[in-house]
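Below is one structure, written out as structure tokens, with a few remarks after it.
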Number of protein chains: 2
Amino acid sequence: MATIRDVARLAGVSVATVSRVLNQNGYVNEETEKRVRRAIQELNYKPNEVARTLFKKTSKTIGLIVPDISNPFFPELVRAVEDVTNIYDYTVILCNSDEKNEKEKEYIEVLKQKYVDGVILTTNQLELAEVSELDVPVVVLDRPLNHSFPSVIADNYGGARLATRHLYDIGCRKIAHLQGPPHVVNAVERFNGYRDEMKELGLWDENLVILGNYHLKQAKEAVLQAFKEHTIDGIFAGNDVMAVGALKAVQQLGLRVPEDVAIIGYDGIPLTEMTTPELSTISQPIYEMGAMAARLLVKRIEGQPLDQIHYVLPVQLIQRESTRKGEKG
Amino acid sequence: MATIRDVARLAGVSVATVSRVLNQNGYVNEETEKRVRRAIQELNYKPNEVARTLFKKTSKTIGLIVPDISNPFFPELVRAVEDVTNIYDYTVILCNSDEKNEKEKEYIEVLKQKYVDGVILTTNQLELAEVSELDVPVVVLDRPLNHSFPSVIADNYGGARLATRHLYDIGCRKIAHLQGPPHVVNAVERFNGYRDEMKELGLWDENLVILGNYHLKQAKEAVLQAFKEHTIDGIFAGNDVMAVGALKAVQQLGLRVPEDVAIIGYDGIPLTEMTTPELSTISQPIYEMGAMAARLLVKRIEGQPLDQIHYVLPVQLIQRESTRKGEKG
DNA sequence: ATATTGTATGTAACCGGTTACATAAGATTA
DNA sequence: TAATCTTATGTAACCGGTTACATACAATAT
């Protein structure tokens, strides 16, 4: 690989001049510039990003920490981050944390050592101290740490109330909630929304809360168990994957969806259109969330001011077959 | 951030000695080492990876180019690559190419400039010339370029024959193939397997080939169209996502799966367990493919010999409800 | 007694860029 | 006409590591 010194030699100038041509700063004579450009062409010279990074302390790379890319909520989010940062010439280092504190800390250490320009965090496991150690911009995505970092989330509380209310509107009165893991902030917020709406409707019954862990199998088992003990005519699942688990459980029990039990999920991942019946869901603007987080991060990196620190994006009820009863909700 | 010179000063030694302690090479007196380690602790010193990279020309980073992470086949693959390379202290730069030549070329350029230690390619758009420009190890995943790079693929041809034969075995005689995009090598291989099996069964009829593009909506439309023109009692879809499209089309036509039309997909993504009826599929060892590719790449990077250059992993028929007829196949 | 080997450490060049500073010539200004 | 500004370019230090090479002393071999 040719270096800037090779180019300088071939063009008969100093490395400083070549650097000036490359970065378009300082004075360079038109003729000289042509000679330099010709030499660059001839040698197929590409500047070494690492050397540049070492001096400038900016790597045009960001870190993206997600719990698990194989969880179907994240691919679209990751894709959005990649798309947006790419426009500004950043590359993305992908990190799967499994929500484990240890892995997150290790990744943050590595990212720092690689001089990443910023980090997007999708997790709520981190202690303040560890994140603060990062001396680069951070944007928190989907799982707000309740503090000073810019964040992008969707309206979990409002979405949960919307879902619960929707089940009520189509006639459900024994509305269960398949809750996500209690250590995940958005799961708690959705639970709170469900609880408050149920209280307002005068239907609150803590026995109707089913504990899930955002995964299919465990959710299905939990729902099967719940049906043994309680009467249920509607299920609001904390995420779409668990909604599928609920669907499977209900079908296995020989009950009809939505006639006997209506089901609504949360997230709006493509999966919801692939089940039979298709699943109603509270759709989060997943791509937009990722894109927004990426835009915020780039702004922060480039020292631009943010109009706003915390963004709460609106969610949307999408009614499909799993909650479409005779009365048409 | 403390530098190696700060550590040297505090420990009262030269930078060379500190470097020796860090890299555990050369001679260092036990007492001296203790002093150095104490200084490192005290300053919370972490070596700067970028400086190291510049000198050593190895970044402990690899590039991973996939068509689109939001295609449900890839998250698990990406996850596997990340898991395995992480064991060896590599980080992963994720690139979405959309199978576009232009994007792939740009990414390869950037990866080179960042001194990545190797690249895993999941694409078949690249010309030999462009990949060869990469002077780091390359492993090709899922889509073999038919040449000298190490590769990991699953047995597409065999899997397709297996799927076709399975439909035959459960009684189908008008077996359609929902084909993937013709510019994707694995789609063509699966088509070839289907064609050869059909010929061997004496059932080959080119009218039963339906062109799809690996996406749901288009596949569904194509299947609806095909049913207008031909009699079909079995569908072998080139991937699982299209199988879902076929399922939706068939259900929309008021036909029963599998009684009237049996359906089998290809890939074995989690989605296949979430539909109703659950989809039979040819399961590829997705995680293992990614893990294997990552292991090959690391071996190549570290200069170890490979036992074998091209790996073709076995696929497996998974029979579920969508092909479970009365006779029990 | 001298040569050789092993241990321990420091100096400075190097990786490949960027940029502060020095230098110089021609144009402009007082 | 001397001072100042603009344009153009080069030298060398710098970013923060690694390592070849030089140096020195003690232990061992000849």
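Small disclaimer: the values here were computed from a predicted structure and weren't measured. Sequence lines set the chain letters: A, B, ... in the order given, protein chains first and strands last, and positions in each chain run from 1.
Annotation: the span from Ile120(B) atom CD1 to Ile62(B) atom CD1 amounts to 4.0 Å, rounded to 0.5 Å.
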(request) Encode nucleotides 14-22 of chain C as B, S and - characters from 5' to 3', where the letter depends on protein heavy atoms closer than 4.0 Å: B to the base, S only to sugar-phosphate, - to neither. (result) BBBBBB---
Please tabulate, one pair per line, all N/O donor-acceptor pairs under 3.5 Å involving side-chain atoms of residues 284-294 of chain A, not counting sequence neighbours.
unit_1	atom_1	unit_2	atom_2	d
Gln284(A)	NE2	Asp267(A)	OD1	2.8
Tyr287(A)	OH	Asp83(A)	OD2	2.6
Glu288(A)	OE2	Arg295(A)	NH2	2.7

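We find that CD of Glu33(A) is positioned 14 Å from C1' of dT9(D), with the value rounded to whole Å.
Relative to the axis of its first five pairs, the axis of the last five pairs of the helix from dA1(C)-dT30(D) to dA30(C)-dT1(D) sits at 50°, rounded to 10 degrees.
A donor-acceptor pair is defined here as one N or O able to donate and one able to accept, closer than 3.5 Å; no such pair exists between the side chain of Thr17(A) and the backbone of Val13(A). Side-chain N or O atoms of Asp117(A) include one that pairs as donor or acceptor with a backbone N or O of Ser59(A) at under 3.5 Å.
Taking only side-chain nitrogens and oxygens, Thr32(B) comes nearer than 4.0 Å to OP1 or OP2 of dT9(C).
Classification of Arg37(A) and Glu33(A) as a salt-bridged pair holds, one side-chain N sitting under 4.0 Å from a carboxylate O. Taking 4.0 Å as the cut-off between side-chain N and carboxylate O, Glu49(B) and Lys60(B) do not count as a salt-bridged pair. A salt bridge is absent between Lys100(A) and Glu104(A): the closest approach of a Lys/Arg side-chain nitrogen to an acidic carboxylate oxygen does not fall below 4.0 angstrom.
In terms of the salt bridge (charged side-chain N to carboxylate O under 4.0 Å, His left out) criterion, Glu302(A) has no residue partners (sequence neighbours excluded). Here Asp98(B) pairs with Arg79(A), Lys103(B) under the salt bridge (charged side-chain N to carboxylate O under 4.0 Å, His left out) rule; sequence neighbours left out.
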Tabulate atom names and distances for all N/O pairs under 3.5 angstrom spanning the protein and nucleotides 3-7 of chain D.
unit_1	atom_1	unit_2	atom_2	d
dT7(D)	OP2	Tyr27(A)	OH	2.3

